[in-house]
Amino acid sequence: MAISAAIGTPLETCLAQAVDANPALKDAAAVIAAVARSAVEISERIGRGALGGDLAAAGDHNSDGDVQKALDVIAHESVTAALRGAPVAEVASEEAEEVMRLNPDAPLAVAIDPLDGSSNIGVNMAVGMIFGIRPSIKDPANPLASFTTPGSTQIAAGFVTYGPATALILTLGEGTQSYVLDRAEGTFKLTSPAMSVPASTKEFAINASNARHWDAPVKAYIEDCQRGTEGPRDKDYNMRWLASLVADIQRVLTRGGVFLYPGDARKNYARGRLRLLYEVAPVAMLVEQAGGAATDGQTRILDLVANGIHERAPLVCGSTEEVACVATYYAGGKPDAGRSPLFGQRGLMRS
Ligand SMILES: O=P(O)(O)OC[C@H]1O[C@](O)(COP(=O)(O)O)[C@@H](O)[C@@H]1O
Ligand SMILES: [Mg+2]
Ligand SMILES: [Mg+2]
């Protein structure tokens with residue numbers, strides 16, 4: 001349901017209101033409350049910076065081959081401990097090779113990135129946590145059954161940004177809300193009952209250091225953005241890249257923009273870098289619920305089905321007009337400056 005509470009209403013009250021309106025959300029609300037408790041703990045830990053120890057200390061490698069930093073492991077342990085006390089049967093975590101079995105008879109499954117934006121640990125930049133909540137499917141023949149359904153089966157999704165403020169961005173399937181942690185009370189409070197992504201934008205986010213590895217549609221799209229008013233887009237673009245998905249997406253949800261992590265020619269990057277279950281699908285649900293769009297270039301993200309819990313997927317999401325434009329490039333097209341309303345009246349004369 002859409003949240004109708006006043007700004008400043010505590011998360012617990014908003015969740016209770018949602019459950020009153022739709023009792024089927026009771027278990028998901030309990031999971032969100034558990035995730036939020038872990039987020040308060042991790043927020044405090046991050047807020048102490050180096051006073052709390054070396055959170056960037058390198059440890060083992062995770063399932064994707066990334067070196068785990070101390071905070072990756074601390075966050076994984078905190079959130080999985082919290083989820084043990086919630087109605088969760090299975091967890092797919094970035095920091096665990098296999099599906100973790102918690103409470104076998106419980107109704108829900110959770111995909112989680114306990115610490116997103118790990119390259120920003122230890123340098124006082126924004127990091128976060130991402131989660132998607134799905135029904136647990138009890139199929140003895142398929143131990144991954146709960147996670148091998150389309151993203152559209154997610155009941156709820158959210159992420160936490162540990163930035164200058166600690167924010168929780170949440171959807172229960174009807175609208176996207178934002179909350180901010182009131183540090184004095186240790187409680188998340190509602191700051192926006194209905195986030196809304198503007199349909200058009202002049203801001204793109206991509207790791208431009210990979211330009212030489214991109215495929216032709218992405219190269220052409222970014223080059224045309226960079227040509228600004230001298231190119232077919234007929235507007236000057238700005239670029240932002242925080243290397244922290246949660247922070248980049250919070251910006252897109254707040255003021256619009258397009259975020260791209262496409263597949264590229266590097267080894268193991270054919271499907272990009274981001275993982276479908278615990279990064280791409282939750283973000284796609286949040287962006288769609290805020291009126292934006294999310295695609296892998298060809299297919300709506302929420303229609304994609306993972307074959308393994310750490311499977312990757314390209315992500316293009318944000319302002320609807322811009323995402324549609326990127327899809328045009330993927331389809332082999334180019335903006336037709338003279339005819340498309342997307343590309344400006346004067347484009348033909350200028351290019
Ligand atoms: O270093 P790159 O290639 O720019 O990738 C940055 C992206 O990788 C991520 O850090 C991946 O998430 P993890 O830190 O959870 O592995 C995203 O937050 C971010 O958008
Ligand atoms: Mg991540
Ligand atoms: Mg991570």
Side-chain angles (χ1 to χ4, degrees), residues 1-5 7-15 17-18 25 28-29 31-40 42-43 46 75 79 110-117 120 125-133 151 154-183 187-198 205 240 242 244-259 261 274 277-294 301-302 315 317-319:
M1 59 160 283
I3 299 287
S4 59
I7 304 297
T9 303
L11 172 66
E12 294 70 20
T13 310
C14 294
L15 290 174
Q17 189 189 99
L25 291 172
V31 170
I32 292 161
V35 167
R37 279 194 295 279
S38 166
V40 173
I42 296 301
S43 175
I46 292 171
V79 72
V110 178
I112 196 141
D113 177 355
L115 203 289
D116 179 58
N120 290 320
M125 297 282 287
V127 293
M129 175 217 296
I130 311 173
F131 60 94
I133 303 173
Q154 291 174 118
I155 298 163
F159 65 74
V160 175
T161 309
Y162 305 111
T166 290
L168 168 66
I169 313 296
L170 182 65
T171 179
L172 292 165
E174 208 180 311
T176 296
Q177 297 84 43
S178 73
Y179 298 82
V180 163
L181 177 62
D182 181 334
R183 295 182 200 272
T187 309
F188 284 95
K189 293 183 174 171
L190 187 67
T191 49
S192 172
M195 301 187 89
S196 175
V197 184
R240 286 286 179 270
L242 302 174
S244 174
L245 179 63
V246 289
D248 276 314
I249 298 298
Q250 188 169 348
R251 184 191 60 251
V252 167
L253 286 166
T254 306
R255 70 180 189 210
V258 62
F259 174 98
Y261 209 123
L274 303 174
L277 281 179
Y278 44 80
E279 294 178 313
V280 173
V283 160
M285 184 176 182
L286 289 160
V287 169
E288 281 199 5
Q289 286 299 319
I301 293 292
L302 293 181
L315 175 62
C317 72
S319 297

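Listed for the Gln154 side chain is no donor-acceptor partner under 3.5 Å among the backbone atoms of Met285. The main-chain N or O of Leu245 is found under 3.5 Å from a side-chain atom of Asp116 such that the two form a donor-acceptor pair. Within the 3.5 Å criterion, the main-chain N or O of Val127 finds no donor-acceptor partner in the side chain of Asn120. Looking at Thr161, its side chain never comes within 3.5 Å of a backbone N or O of Ala167 through a donor-acceptor pair. Without hydrogens or angle criteria, Ser244 side chain to Ala126 main chain gives a donor-acceptor distance under 3.5 Å.
Nearest heavy atoms, Leu277 versus Ala281: O-CB, 4.3 Å. Residue Gly163 comes nearest to Arg183 through the heavy atom pair O-NH2, 4.0 Å, listed as atom of the first residue, atom of the second, then distance. Considering all non-hydrogen atoms of both residues, Asp248 and Ala205 come closest at OD1-CB, 4.4 Å. The minimum heavy-atom distance linking Leu15 with Ala33 is given by the pair CD1-N, 4.2 Å. Summarising the geometry of Ala290 relative to Thr176, their closest heavy-atom pair is N-OG1, 3.5 Å, with the distance given to 0.1 Å. Here the shortest heavy-atom pairing between Val180 and Ala165 reads CG1-CB, 4.1 Å.
Taking the side chain as every heavy atom from C-beta outward, Thr187 and Tyr179 never approach each other to under 4.5 Å. The shortest side-chain heavy-atom distance between Val197 and Ser319 falls under the 4.5 Å cut-off. The shortest side-chain heavy-atom distance between Ile42 and Met129 does not fall under the 4.5 Å cut-off. In this structure the side chain of Tyr162 never reaches within 4.5 angstrom of the side chain of Val246, judged on heavy atoms. Taking the side chain as every heavy atom from C-beta outward, Leu172 and Ile32 approach each other to under 4.5 Å. Ser178 has its side chain out of reach of Gln250: every pair of non-hydrogen atoms, C-beta onward, lies at least 4.5 Å apart. Side-chain contact check for Arg251 versus Leu242: some heavy-atom pair is nearer than 4.5 Å.
To the nearest 0.5 Å, the span separating CG on Leu25 from CD1 on Ile133 amounts to 9.5 Å. Rounded to the nearest 0.5 angstrom, Ser196 OG and Leu253 CG are separated by 10.0 Å. How far CD1 of Ile249 is from CD1 of Ile130: 8.5 Å, rounded to the nearest 0.5 Å. Atoms NZ and CD, from Lys189 and Glu12 in turn, are 10.0 Å apart once rounded to the nearest 0.5 Å. Interatomic distance, Ser43 OG to Leu168 CG, rounded to the nearest 0.5 Å: 11.5 Å. The structure places SG of Cys317 at 10.0 Å from CG of Leu286, a figure rounded to the nearest 0.5 Å.
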Mind running side-chain contact (heavy atoms from CB on, under 4.5 Å) on Leu170 and Leu11 for me, showing each step along the way?
CA-CA 10 Å; Leu170 182 65; Leu11 172 66; 4.1 Å; yes

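Applying the salt bridge (charged side-chain N to carboxylate O under 4.0 Å, His left out) criterion to Arg37, with sequence neighbours excluded, gives no partner residue. With sequence neighbours left out, the ring pair (Phe, Tyr, Trp, His ring centres under 6.0 Å) criterion links Phe259 to Trp241.
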